Protein chains: 2
Amino acid sequence: MKIDDELLSVRAAELYYDEDKTQDEIGAILGLTRWKVGRLLATAKQRGFIRIEIVHPRARRLGLERALGERFGLADAVVVPVGDAADAAEVAARVATAAADHLTALRPVPRTLGISWGRTLLSVANALPEGWASGVAVVQINGGVSVNRRSGTAAATAVEIARKAGGGATLLPSPAILERVETKRSIESDRTVAGILDLAASADVYLFSAGATTPDSAHIESGYLRRDDMEELVRRGAVGDVVGRYIDADGRIVDPGLDERTVGLPLERLREAARTIAVVSGAEKVAVARAIVASGLCTVLVTDEGIANALLAAVHPPDDPGGSQDSSPRHPSRRTTT
Amino acid sequence: MKIDDELLSVRAAELYYDEDKTQDEIGAILGLTRWKVGRLLATAKQRGFIRIEIVHPRARRLGLERALGERFGLADAVVVPVGDAADAAEVAARVATAAADHLTALRPVPRTLGISWGRTLLSVANALPEGWASGVAVVQINGGVSVNRRSGTAAATAVEIARKAGGGATLLPSPAILERVETKRSIESDRTVAGILDLAASADVYLFSAGATTPDSAHIESGYLRRDDMEELVRRGAVGDVVGRYIDADGRIVDPGLDERTVGLPLERLREAARTIAVVSGAEKVAVARAIVASGLCTVLVTDEGIANALLAAVHPPDDPGGSQDSSPRHPSRRTTT
DNA sequence: CGGCGTCCTGCTCACATGAGCACAGCGGCC
DNA sequence: GGCCGCTGTGCTCATGTGAGCAGGACGCCG
């Protein structure tokens, strides 16, 4: 393209978008036919001279969403733009709101909703509108934080979500990680706990977040893990935790011994479930987000633009060059009952 | 408007602008009629959820230009967006380019072009394309800097502009400010100088920049003024200089004594001229820019978005409440030959 | 309880726009 | 030098879009 055309297209774009002139008028002003003007505008858009941005806390990035969905075989994806957000907390809040919106719009309305807990899910709970659904039974799917923190977080999340849906919350009365396998076994065999785990396994929708392997992890803050435990996990390839279980980049359990002492739904149940919603935001969680989507832990990912871009930027076969499996049904064990 | 409509309009905007869907399709997706979608988009635009930005070094801000033109009775205005420009130098370069563009597009092509000198005008000279016009006589309209700087700047500017237009440059061989009035008088009465000043007074287009009252003013750097001279000028209300003459916020000469010793075209000549182009950029020049446009020193202002906004933000009568004169023909002495 | 004004909705119609097509000018290639 | 393909241009036509209008719902007030 000639340099002159570039200038003209910019001038045309100014007149069209800033001045609300019609392409015909612009043609008259610049001495061009209106078709030429149309073409100039098209190239200007294509070459990125015209930037259209939707600035709203609840705006989403649909292009990224579709790309994510196709790339990782998700049923749905929600990507929140970072835009001019001041800090990570604001982005996290937007992601939580988006997750709440998604949950509210979910059809069919879940009968039983399994949830994990954490800062993220608490935000989601708070962002849900009163009466976002009706008659939803909420059940915790992994052991709680209530041991040596004020019992707030974990229980409050479940109760809030349930209350706003006019349903009941079932809490899992157990620590997240126990010190001895025997204790974990005996807790699980307790009638109450076993019943709750059965209920959790029968949920039709799961909602969970993920933890990074950073020192401010809830597991460390709550005393379930020490810093050097975490460092050891990282050495062994951990990228983060999902419902209390630490996984590597391939979504596999990093430390079976530790996992044996962790109370809650096994990850396989999440991989089988028809609808699992993962809510993840923040640069430190890119790795765990990648593990989640790559290993089929969720069918719906709610995240921020930064993570979405990072997930898509990872090298991937331009046209499946010798890939070991075809791309579409990446997780054949997934039920497809909608 | 209901909160729901806000959400819907954002969703609709996403689909329309990010996804290139038609309003009809969006209607189908969201369960609305296409007219409703159109209205939602309109309100979204109006309420600023949709930001359309033209990102190009040569883009302009036409809305501001028109506002400036109307507000100050300018024949034309060119406003360059600041956008994501890294620093003031980049903005200044864009403004210079815009001025060069304006000059190139000027019709009728000037026969004689009177110019001042300075960093800004040198940039303009460099930004002009070869052959931007043909047969233009360029003449300096104020005394030069050539005294104790290497003779470059002032002369180079004029020569470059003239060369690129295939015309000749006439330099004003005189210091900008003399120490004694008598010297100034005798220089002006010199045949050569007088002839050049006559030529300068007969130019049909003037192009000039403005100086701020900062310590890095060319007048100080060139030794025409001392720092305390400048401070004294500021105390007396000076906001900057135009073709070497210091003016206050109303465009009046601040120090007649100093002005008497300044060689060059009187400001009155600029105010009478049919076409005078002022090129001003940088936050430190807002005050002098305001003085220029408010006192009718230019018919065309080329500037940056920052200055433009500052000029328009100044309080002004919402509907001429007891103003001493009507608003449109603010400078009745201006020739209107165009 | 009824009348009235206001806001909102869905429509018709005129206009703006983009896709697709035919043709002209130009450069490379035989 | 002539032929061929390519790019760029102006057009026709189908579609997308916004202005203006009529009817209905809602709330306010008598």
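As the structure is a prediction and not an experimental result, all values here were calculated from the model. Protein chains get the first letters and strands the later ones, always in sequence-line order, with residue 1 at the start of each.
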At a cut-off of 3.5 Å, list every protein nitrogen or oxygen paired with a nitrogen or oxygen from nucleotides 22-24 of chain D, distance to 0.1 Å.
none

Terminal helix-axis angle for the helix from C:dC1-D:dG30 to C:dC30-D:dG1, with five pairs defining each axis and rounding to 10 degrees: 10°

With sequence neighbours excluded, residues passing side chain to side chain contact (heavy atoms under 4.5 Å, CB included) with A:Tyr206: A:Ile141, A:Ala203, A:Leu265, A:Arg269, A:Leu270, A:Ala273, A:Thr276

Pairs meeting criterion salt bridge (Lys or Arg N to Asp or Glu O under 4.0 Å) with involvement of residues 87-97 of chain B, two or more places apart: B:Glu90-B:Arg94

Listed once per pair and sorted, the ring-ring contact (aromatic ring centres under 6.0 Å, His included) pairs that draw on residues 34-55 of chain A, sequence neighbours left out: A:Phe49-B:His56

Any donor-acceptor pair under 3.5 Å from A:Asp204 side chain to A:Thr112 backbone: yes

Determine all donor-acceptor pairs shorter than 3.5 Å in which one atom belongs to a side chain in residues 14-21 of chain A; sequence neighbours excluded.
unit_1: A:Glu14; atom_1: OE2; unit_2: B:Arg60; atom_2: N; d: 2.4
unit_1: A:Glu19; atom_1: OE2; unit_2: B:Gly63; atom_2: N; d: 3.4

Residue list, side chain to side chain contact (heavy atoms under 4.5 Å, CB included) with B:Val205, at least two apart or on another chain: B:Leu106, B:Pro110, B:Leu113, B:Arg275, B:Ile277

Salt bridge (charged side-chain N to carboxylate O under 4.0 Å, His left out) partners of A:Lys164, counting only residues at least two apart: A:Glu160

Protein proximity profile, nucleotides 12-26 of chain C - base contact B, sugar-phosphate-only contact S, no contact -, cut-off 4.0 Å on heavy atoms: B---SBBB-------

Residues in side chain to side chain donor-acceptor pair (under 3.5 Å) contact with A:Arg61, at least two apart in sequence or another chain: A:Glu305

Residues which pass salt bridge (charged side-chain N to carboxylate O under 4.0 Å, His left out) with A:Asp101, listed by chain and number, not counting sequence neighbours: A:Arg58

Rounded distance (Å) that lies between atom P of C:dC11 and atom NZ of B:Lys36: 14 Å

Distance-only donor-acceptor pairs under 3.5 Å for side chains of residues 122-133 of chain B, two or more places apart:
unit_1: B:Ser123; atom_1: OG; unit_2: B:Arg119; atom_2: O; d: 3.2
unit_1: B:Asn126; atom_1: ND2; unit_2: B:Leu122; atom_2: O; d: 3.3
unit_1: B:Glu130; atom_1: OE1; unit_2: B:Arg163; atom_2: NH1; d: 3.1
unit_1: B:Glu130; atom_1: OE2; unit_2: B:Arg163; atom_2: NH1; d: 3.4
unit_1: B:Glu130; atom_1: OE2; unit_2: B:Arg163; atom_2: NH2; d: 3.1
unit_1: B:Trp132; atom_1: NE1; unit_2: B:Ile161; atom_2: O; d: 3.2

